Amino acid sequence: MAPLKVLIMAVSTLSRAVRVLSPRAWQITLRTETVTVLTSMPLHVKKLVDKVFKRSRKRDDAGSETSDSSTLYLPVHNSPLNETIVALRRGNDALIHHPELKQSVSGLLLLTENIDDKVDPNVLEKLGGELKQLLGILQAPELSNTPSVQGYARNLASHIDAAVQQARSRISGSSTGQSNGQLRDVAAITALADSLHSAIEKYRGQITTQDSTATSSTTKKKARDFSGQVAGALTIVKESLDGVPVIGLKAAIGGLLEILKAVNQLIDNDDDLMKLIDHLQRLVKIVSLPPEDDAQLIDSSTRERINELTEDILHITAEAEKLKTQNTGGKFFGSADNASAIEGLMRAVDQATERFQIAGGLRLEKGVARVEKGVQELQVGSGRIESGIGRLEGGVGSVGEGVGRVEGGIGMVKEGVQRVDKKIEQLEANIMSAADEAMLNNIQPRSDNARYNSASQTSASFCLPDTRVAILTEISRWLENPEALPVYWLYGMAGTGKSTIARTVAKYSDERGSYGASFFFSRDEDDRRNATRVFPTLAHQLACYNPSFRPHITAAIRINPGASTAMMRTQLDKLIVEPLQLSPPYSSPVLIVLDALDECASELHIVEMLNLLAPAIQAIRKTSNVKFFITCRPEVHIHSVLTKPEMQAVADVSVLHDIEKSVVQEDIRLFVEHHLTRIAENMLPKGTTWPPEDEKDALVEMSDVLFIFASVSIAYIGDPKFRQPKLRLRNLVSSWVRELGSPPLKRLDLLYRQILTAALPEDDEEEREEVAQRIHQILGVIVLLQNPLSVRSLDLLLQKESDTVASTIGPFNSVLSIPLDDQRPVLSEAGRSGITWIRSCIMVILPKFASPT
């Protein structure tokens, strides 16, 4: 029995060798073929080999996280379906990362193992094919333990469960479904195969299958080493079997040796095939025809030989690709034939290149002979030419001097002509530029002060860094997205920072070259509260900022000189819509900003303007990527336009005061910390620690979501005329203790009252009354004026001594914009909300002097 023990050791070694082979497809092929050989053995040999495999697996799996089948799974019936089921059970037992899929396949195996092998062979073949496909999925390397693959595996498991359940339902409802525990219902088996096919196709649609036949050089080396060990052991066993009374044992060992030989041949074929394909790819690059400019240098004969060689290489490459894409089983069983085929392809490559070289060599020899003959003829002709040149040289010398002088004169004339041409071009450009500038100046009336960065808005602010990040990010994405709606409408209550955001957005677009125009409404300035000036102002800015729009806008003004003073519909059509439609397609975004529509003096005009904008925007967007950023308060007349279908079709509305309070308060905290730090640096001794955290927190909390509250408070605390920031912050905070639970706008009311009250003397009642009356008179005039006046003009209007108005309203720097230049008008720093609250506060604080209305 010594040879039998050697056989057992050889089979054990073969088991470990098989497990090293990679990828999994080779393992299954080798195992299956081993099973096929061993199936023909006597029963006692089968049992012995099966025990050996079990022991080998237990030793190899000790300490390993993975688990695999510990049996060889020899099939009871030598039928293709049973062999597939055995292989599938083995593959399922090795599955550890996908428990749901493993359980589903186990249920499928329980059902398929009971199928009667006498059922129609075509049906069994169909089911077996689908089971093989499922086996391929279980053994594929991409079935890894990643979240995405886990999801795909669960989906596949649910589809398998559904297919099994459907088959069981068909069987239970059929009188011939089962007999003696075996499944015979052809319809149920067919339906099961179809359901499995559908499940597998869905899975493959979700995951990209990797090429399971690729192997690394390290893996191939291991495979060859193990194959050599096993082959050596088996050869010794085979030679020592003479006289051993075990029927079929020597033939079985011979079969195993043939399997190992086929595996080694398969590996060699794969290496040879990859080298051949790489060589073919390099040849294709070499013989590729050059670009058209260089192709003219190649004659038709050479081009024809290159084309023939290219066709030969491409044909050989196609044959090599067929061998490469052959399935693993085909590569295994046809390893010897494939080796011959690969060798034949290599010879074909050598023959094709040899033909090309021989033909080229013959053509080269012919060319050399023709060149030699031509050289001889040239030598004869050159002698004649040299004698003629000698005679010509004398005459050429004298002619050369004259030609040189003529060429010098011609050069000077050319330089003069070029200078004149440049002067003419420059003059024409200046004339055109001056003409365009004069034409654009005819766009009147317009409001240059309405531009986002105009001189009249020097006190206006922009968003600080790291504030309003969420809303500004959303707006920038809208601006850069060509598929977004053309209008972004920012809607919010007073004091939430809409104008600051609009100014920041305009500056952002200007820095990136996408700014088109802007109009910032303001009730304080006559030309900025008039809606009839909006479209002429936008047209003028579009022409100035966008050279591609300028010629069409100036042409429109030339054709329609009175368009800027016409009805708003005519202004919009002639100055904006038609010129933009005539401009070349403009894919980059062009931003137009309209801020504070509620500051327009006429509700009728603003409603008319918005009603005209909606269809105009639809017409413009067909040729130009013009976008509108609009802000306003939730006024009734504006909201009525916003809710119309034609406006909703082009506008994306964002409600600013709906943003989470925590997000807004964090921005306000950054704003407060930034400005209080600057106040401390400018007004307090160096090294002073201020403000206290509790006072700073109280200011942020009182501001709620109103940036205007924080802004006015900072202006009051840091008023440079008083330079008492500690006292002012402390007084403000101490008066807010009982108001923390009140609505935000009521807190703003309280802030304005405190500012006005602080301007009144405290000790002298008579002086207090006199100052209150003067404040009431001056602020009342500022509120009621249709057009703002300067400090000097207010003194004259109220018949006051010089500087009376300036000294009286000096304490209100946080609410009013009081310019150093006494010729510029006094404006409301807080906008319309400031004027409204000043009026309200005057009525409460100074009841003796308030008018009945």
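Remember, it's a predicted structure, so these values are computed and weren't measured experimentally. This chain uses plain numbering: 1 for the first residue, then up along the sequence.
Residues meeting the salt bridge (Lys or Arg N to Asp or Glu O under 4.0 Å) test with Arg347, sequence neighbours left out: Glu343. By the side-chain hydrogen bond (donor to acceptor under 3.5 Å, both in side chains) test, Thr112 is found to be paired with no residue, residues two or more places apart in sequence or in another chain being considered. Residues satisfying the side-chain hydrogen bond (donor to acceptor under 3.5 Å, both in side chains) criterion with Ser195, sequence neighbours excluded, are Gln166. Remark: Glu321 engages no residue in a side-chain hydrogen bond (donor to acceptor under 3.5 Å, both in side chains) (not counting sequence neighbours). A search for salt bridge (Lys or Arg N to Asp or Glu O under 4.0 Å) contacts involving Arg468 returns Asp667, not counting sequence neighbours. Shown here are the side chain to side chain contact (heavy atoms under 4.5 Å, CB included) partners of Ala336, two or more places apart in sequence or in another chain: there are none. Not counting sequence neighbours, the partners of Leu134 by the side chain to side chain contact (heavy atoms under 4.5 Å, CB included) test are Leu88, Val105, Leu108, Leu156, Ile160, Ile200. The salt bridge (Lys or Arg N to Asp or Glu O under 4.0 Å) test applied to Asp194 returns Lys126, not counting sequence neighbours. When the side-chain hydrogen bond (donor to acceptor under 3.5 Å, both in side chains) test is applied to Asn625, no partner is found at least two apart in sequence or on another chain. For Asp120, the side chain to side chain contact (heavy atoms under 4.5 Å, CB included) test picks out Asn122, Val123, with sequence neighbours left out. Listed by chain and number, the residues in a salt bridge (Lys or Arg N to Asp or Glu O under 4.0 Å) with Lys322 are Glu319 (sequence neighbours excluded).
Considering Leu472, Thr473, Ile471 in turn, Thr473 is the only one that fulfils the side chain to side chain contact (heavy atoms under 4.5 Å, CB included) rule with Val469.
In this structure, NZ in Lys275 is found 8.0 Å from CE in Met346, a value given to the nearest 0.5 Å. Atom CG of Asp268 and atom CG of Asn338 lie 12.5 Å apart (nearest 0.5 Å). Between atom CZ of residue Arg355 and atom CG of residue Asp312 there is a gap of 5.0 Å, rounded to the nearest 0.5 Å. Expressed to the nearest 0.5 Å, how far CG of Asp337 lies from CD1 of Ile342 amounts to 11.0 Å.
Between Leu273 and Ile277 the shortest side-chain heavy-atom distance falls below 4.5 Å. A 4.5 Å side-chain heavy-atom check between Leu110 and Val164 finds every atom pair outside the cut-off. Within the 4.5 Å cutoff, no side-chain heavy atoms of Asn155 are placed close to those of Lys202.
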* What's the verdict on side-chain contact (heavy atoms from CB on, under 4.5 Å) for Thr84 and Leu135, showing C-alpha distance, side-chain angles and the deciding distance? -> CA-CA 8 Å; Thr84 303; Leu135 174 61; 5.6 Å; no
* Asked: Is there a side-chain contact (heavy atoms from CB on, under 4.5 Å) between Leu280 and Leu345 once you walk through the steps?
  -> CA-CA 10 Å; Leu280 290 170; Leu345 292 177; over 6 Å; no
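Residues Leu192 and Ala163 share a closest heavy-atom pair of CD1-O, 3.8 Å. Closest approach of Arg621 to Ala484, counting heavy atoms only: NH2-O, 4.0 Å. Between Leu479 and Pro589, the closest heavy-atom pair is O-CB, 3.5 Å. Closest approach of Arg168 and Gly107 over heavy atoms only: NH2-O, 3.8 Å.
Atom CD of Glu125 is surrounded by 12 or fewer heavy atoms from other residues, nucleotides or ligands within 6.0 Å. Around the CG atom of Asp350, the shell of radius 6.0 Å holds more than 12 heavy atoms that belong to other residues, nucleotides or ligands. By the neighbour-count criterion of 12 heavy atoms within 6.0 Å, atom NZ of Lys644 is densely surrounded, having more than that number from other residues, nucleotides or ligands.
Judged by distance alone, with hydrogens and angles left aside, the side-chain atoms of Lys627 form a donor-acceptor pair with the main-chain N or O of Trp478 at under 3.5 Å.
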Donor-acceptor pairs are to be reported for all side-chain atoms of residues 647-655 against protein atoms at under 3.5 Å, with residues two or more places apart or in another chain.
{"from": "Ser654", "atom 1": "OG", "to": "Tyr488", "atom 2": "OH", "distance (Å)": "3.4"}

